[in-house]
Trainee: 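Handing you a structure now.
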Amino acid sequence: MFDRSFFARTAVEVAPELLGAHLVSGEVVLRITEVEAYLGVGEDPGSHSFRGRTNRNQVMFGEPGHLYTYFTYGMHVCANVVCSPAGTSGGILLRAGEIVAGRDIASARRHTSRTSADLARGPARLTVALGITLADGGTDLSSGPLRLELATEASGFESGPRTGVSGDGGGADYPWRFWIPGDPTVSPYKAHAPKKRA
DNA sequence: TATGCGATTGCCT
DNA sequence: GGCAATCGCATAG
């Protein structure tokens, strides 16, 4: 259980404080090590909610502290925590984490993974390891088998440009990616992906 | 109704 | 290091 008002702030404000929190999914527990903030309508060209409410992103316009999932590249599921002050929308993409409990289960789900550091390194890998599917979208993360347990104390963090988001005005220039320094589970790739798309 | 592309990953060379 | 896989969503016509 957590205070829902924690998430009633902008995603950029909440994101660094989410580092170190635990995402519990049944037997599996993930310690969040890397996240990305996405803002709301008209604020963030890289956000799914930039162009307003649609069937896909409607969860982001709902209650803060709920889970927003989406399907992409025809094969991957990514998870976000809805984070929005009243009347706005936004979310925090969970990019990577460390499996701290239920490693056997997570490993079995990943199937191809070997080391613990690889189990949840990357947004799509993370959802697989935790067994999160599109059907989990909209789940209230304050309690239940799939829930979020906030960190008791703030951990140190670093910030930088987001990955995978197209450049030139696409929002990639803002330091809205946050991670725990030196953690082996932080995504190493695409430090500056040269996506040629306008 | 038709078309292009994506908040990625894993396998190829 | 480079590229294919794969399909729902958003935009254009």
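Letters go in sequence order (proteins before strands), and every chain restarts at 1.
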Trainee: Which nucleotide in the list B/dT9, B/dA7, C/dG8 gets nearest to the side chain of A/A124?
Mentor: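 Nearest nucleotide to the side chain: B/dT9.
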
Trainee: For A/Y38 and B/dG6, give me the distance from atom OH to atom C1', rounded to whole Å.
Mentor: 11 Å

Trainee: Mind calculating the distance between CZ (A/F50) and P (B/dG6) to the nearest angstrom?
Mentor: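 Rounded to the whole Å, the gap is 15 Å.
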
Trainee: Ignoring hydrogens and angles, tell me if any N or O in the side chain of A/R162 forms a donor-acceptor pair with the backbone of A/A37 under 3.5 Å.
Mentor: yes

Trainee: Does a nitrogen or oxygen in the side chain of A/T72 sit under 4.0 Å from OP1 or OP2 of C/dC7?
Mentor: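 Indeed not, no polar side-chain atom of A/T72 lies that close.
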
Trainee: Nearest to the side chain of A/M75 - B/dG10, C/dT6, C/dG8?
Mentor: C/dT6

Trainee: Could you state the interatomic distance from NE2 (A/H76) to CZ (A/R125), rounded to the nearest 0.5 Å?
Mentor: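 Answer for the NE2-CZ pair, A/H76 versus A/R125, is 9.5 Å.
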
Trainee: Are A/H48 and C/dC9 close enough that a side-chain N or O sits under 4.0 Å from OP1 or OP2?
Mentor: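 No, A/H48 has no side-chain N/O under 4.0 Å of OP1/OP2 on C/dC9.
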
Trainee: Nearest whole Å is fine: how far is B/dT9 C1' from A/R110 CZ?
Mentor: 9 Å

Trainee: In whole angstrom, give the distance that lies between atom CG of A/N57 and atom P of B/dA7.
Mentor: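 A/N57 atom CG is separated from B/dA7 atom P by 13 Å.
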
Trainee: Could you check whether A/R4 makes a cation-pi contact with A/F7, meaning its NZ or CZ is under 6.0 Å from the centre of the six-membered ring and within 45° of the ring axis?
Mentor: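 Relative to the ring axis of A/F7, which defines the angle, A/R4 lies outside at least one limit.
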
Trainee: Could you check whether A/N80 gets within reach of a base, just the sugar-phosphate, or nothing at all, counting any heavy atom under 4.0 Å?
Mentor: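 Result for A/N80 = base.
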
Trainee: I want to check something: taking the side chain as every heavy atom from C-beta on, are A/E34 and A/L126 in contact at a cut-off of under 4.5 Å?
Mentor: no

Trainee: So does A/Y73 reach the base of C/dA5 with its side chain, donor to acceptor, closer than 3.5 Å?
Mentor: no

Trainee: Look at A/R177 and B/dA7 and indicate whether a side-chain polar atom (N or O) is within less than 4.0 Å of OP1 or OP2.
Mentor: no

Trainee: Output, in order, the C-alpha distance, side-chain angles, deciding distance and verdict of side-chain contact (heavy atoms from CB on, under 4.5 Å) for A/I132 and A/L23.
Mentor: CA-CA 11 Å; A/I132 293 175; A/L23 182 59; 4.2 Å; yes

Trainee: Using whole Å, what does the distance between atom C1' of nucleotide B/dG10 and atom NE2 of A/H111 come to?
Mentor: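 Checked: the NE2 to C1' distance equals 13 Å.
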
Trainee: Please give, in whole Å, the distance from C/dA4 P to A/H76 NE2?
Mentor: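 Computing the A/H76:NE2 to C/dA4:P distance gives 15 Å.
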
Trainee: Distance check needed: B/dT9 C1' versus A/R109 CZ, whole Å only.
Mentor: 19 Å

Trainee: Does A/V41 have any side-chain contact (heavy atoms from CB on, under 4.5 Å) partners at least two apart in sequence or in another chain, and if so, which?
Mentor: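 A/F61, A/S89.
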
Trainee: Which ranges of DNA chain B pair up as stems, where a stem means three or more consecutive Watson-Crick or G-U pairs with both distances under 3.5 Å?
Mentor: B:1-6 with C:7-12, B:8-12 with C:1-5

Trainee: Please measure how far the C1' atom in B/dC5 lies from the corresponding atom in C/dC3, and state the result in whole Å.
Mentor: 16 Å

Trainee: Would the distance check show the side chain of A/R110 and the main-chain N or O of A/L119 forming a donor-acceptor pair, the cut-off being under 3.5 Å?
Mentor: yes

Trainee: Without decimals, in angstroms, what is the distance between A/D44 CG and B/dA7 C1'?
Mentor: 10 Å

Trainee: Would you say a side-chain N or O of A/R121 is under 4.0 Å from OP1 or OP2 of B/dT9?
Mentor: no

